[in-house]
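One structure is given here, and the rest of the page talks about it.
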2 protein chains.
Amino acid sequence: MPSISNKPDKLDSLSVDRKTLKATGLRATDQRAVILDIILQGGGHLDADEVYRRARQKHPLISLSTVYRALRSFKNHDLVEEMHFDEEHHHYEAKSNKEHHHLVCLKCGKVTEFQSSISGYIKKNVPQAKDFEIVGTEVRLTGYCPECRAKQ
Amino acid sequence: MPSISNKPDKLDSLSVDRKTLKATGLRATDQRAVILDIILQGGGHLDADEVYRRARQKHPLISLSTVYRALRSFKNHDLVEEMHFDEEHHHYEAKSNKEHHHLVCLKCGKVTEFQSSISGYIKKNVPQAKDFEIVGTEVRLTGYCPECRAKQ
DNA sequence: TTTGATGCAAAACGTTTGCACCAAG
DNA sequence: CTTGGTGCAAACGTTTTGCATCAAA
């Protein structure tokens with residue numbers, strides 16, 4: 001029987017992250033486990049600086065370049081996806097098997113996910129896409145979210 | 001009767017550009033006429049540096065900041081659109097009234113346009129988009145173009 | 001013991017800005 | 001004349017890199 005703990009599953013999820021890292025062929029350092037955890041638990045759409053800010057709470061000595069290096073490494077190993085919601089930053093989210101896309105509010109910046117098989121629609125309806133080997137579909141709708149529309 | 005010229009329509013297109021600029025409320029400087037011309041004739045998908053390189057051929061003293069300022073101004077006045085094909089640069093293309101999207105080859109970087117009313121499809125099929133006021137639809141398919149697939 | 005990961009500082013990158021000047025209106 | 005546009009250099013914010021050190025395997 002494992003020891004009793006009143007803490008949430010922080011240690012557990014970090015040890016899962018360690019396993020994920022090893023399984024992916026990366027070293028299971030504290031920093032990378034923390035960074036991976038933040039992205040997996042973080043609800044997606046975090047930019048590098050936000051990851052850095054959250055990571056420092058758990059691991060105060062972590063450096064920004066470690067965050068960048070980890071994110072790039074995770075991206076290359078298909079653990080996370082890099083998105084481009086605005087022109088200034090990259091945003092990162094956990095790789096998901098379900099095709100989903102994003103609505104970006106131009107006023108408040110909020111990002112809303114939705115699922116839709118747009119790539120299927122495109123493959124069926126776009127002749128130019130026939131000869132292309134499509135590996136990624138990024139759909140980004142911009143506009144104004146219900147809240148911002150109401151406020152104005 | 002206008003004077004005879006064996007040149008192509010360079011002067012003509014530049015003077016059209018001047019008219020466009022004035023009609024838009026901008027000053028018709030040589031630099032801006034050249035920049036606008038490059039984008040209008042350039043087949044789209046140029047980044048700021050490429051515009052700069054081409055502009056220097058016609059107007060050697062032009063500066064990079066002038067290019068950036070012109071592009072921003074054109075964008076704000078809806079003469080051009082700013083696109084995000086990759087993470088590093090902005091790309092600019094002439095504003096078109098027809099909805100079109102892009103296939104980006106991950107190998108050679110070539111960008112292929114296609115037309116498709118994806119926004120219509122999304123408005124019909126995505127509940128989250130119902131309450132959103134959509135002003136822009138950017139679809140970016142990544143993959144490998146027929147040429148690169150053949151070579152490999 | 002090997003090699004990937006780290007922290008720091010410095011550099012690189014695309015882009016923007018302050019300023020004095022110029023030129024279109 | 002007025003005001004928007006220009007060129008230059010310097011600044012900006014984000015991301016990358018060189019290097020010596022560290023620690024996972």
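These figures come from a predicted structure and were not determined experimentally. Numbered from 1 within each chain, the chains take letters A, B, ... in sequence-line order.
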### Message
Counting only side-chain nitrogens and oxygens, does Gln31(A) get under 4.0 Å of the OP1 or OP2 atom of dA23(D)?
### Response
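So the side-chain polar atoms of Gln31(A) never come under 4.0 Å of the phosphate oxygens OP1 or OP2 of dA23(D).
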### Message
It should be established whether His90(B) places a side-chain nitrogen or oxygen under 4.0 Å from OP1 or OP2 of nucleotide dT15(C).
### Response
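Checking His90(B) against dT15(C): at least one side-chain N or O falls below 4.0 Å of OP1 or OP2.
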To the nearest angstrom, how far is [X] atom [atom1] from [N] atom [atom2]?
X	N	atom1	atom2	answer
Lys19(B)	dG25(C)	NZ	C1'	17 Å
His89(B)	dG13(D)	NE2	P	21 Å
Glu82(A)	dT14(D)	CD	C1'	12 Å
Ile62(A)	dA23(D)	CD1	P	15 Å
Arg32(B)	dA24(C)	CZ	P	13 Å
Asp49(B)	dC13(C)	CG	P	11 Å
Leu21(A)	dA5(C)	CG	C1'	12 Å
His91(A)	dT15(D)	NE2	P	9 Å

### Task
For residues Tyr92(A) and Asp47(A), determine if any side-chain heavy atom of one lies less than 4.5 Å from a side-chain heavy atom of the other.
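The answer is no; the side chains never approach within 4.5 Å.
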### Query
For DNA chain C, what residues of residues 65-77 of chain B have any heavy atom nearer than 4.0 Å?
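Hits under 4.0 Å, by residue number: Ser65(B), Tyr68(B), Arg69(B), Arg72(B).
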### Query
Out of Leu26(A), Asp37(A), Leu36(A), which one pairs with Thr20(A) under the side chain to side chain contact (heavy atoms under 4.5 Å, CB included) rule?
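Among the candidates, only Leu36(A) passes.
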### Query
Checking Glu99(B) side chain against Ser119(B) main chain: does a donor-acceptor pair fall under 3.5 Å?
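Judged by distance alone, yes, a pair lies under 3.5 Å.
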#### Entry: Check: dG4(D) base within 3.5 Å donor-acceptor of Arg27(B) side chain
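A donor-acceptor contact between them is present.
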### Query
Among His84(A), His102(A), His100(A), which residue meets the ring-ring contact (aromatic ring centres under 6.0 Å, His included) test with His45(A)?
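Option passing the ring-ring contact (aromatic ring centres under 6.0 Å, His included) with His45(A): His102(A).
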### Task
Would you classify Leu64(B) as touching base, sugar-phosphate or nothing, given that sugar-phosphate means primed atoms plus P, OP1 and OP2, and contacts are heavy atoms under 4.0 Å?
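It contacts base atoms.
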#### Entry: Spacing of Glu93(B) atom CD and Met83(B) atom CE [to the nearest 0.5 Å]
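The CE atom of Met83(B) is 5.5 Å from CD of Glu93(B), to the nearest 0.5 Å.
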### Query
Between Lys107(B) and Glu147(B), is there a salt bridge with N-O shorter than 4.0 Å?
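Lys107(B) and Glu147(B): not salt-bridged.
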### Query
On DNA chain D, nearest-nucleotide positions of His59(B) versus Lys22(A): which is more 5'?
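Its nearest nucleotide being more 5', the pick is His59(B).
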### Query
Is it true that the NZ or CZ of Arg56(B) lies under 6.0 Å from the centre of Tyr52(B)'s six-membered ring and within 45 degrees of the ring axis?
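Yes.
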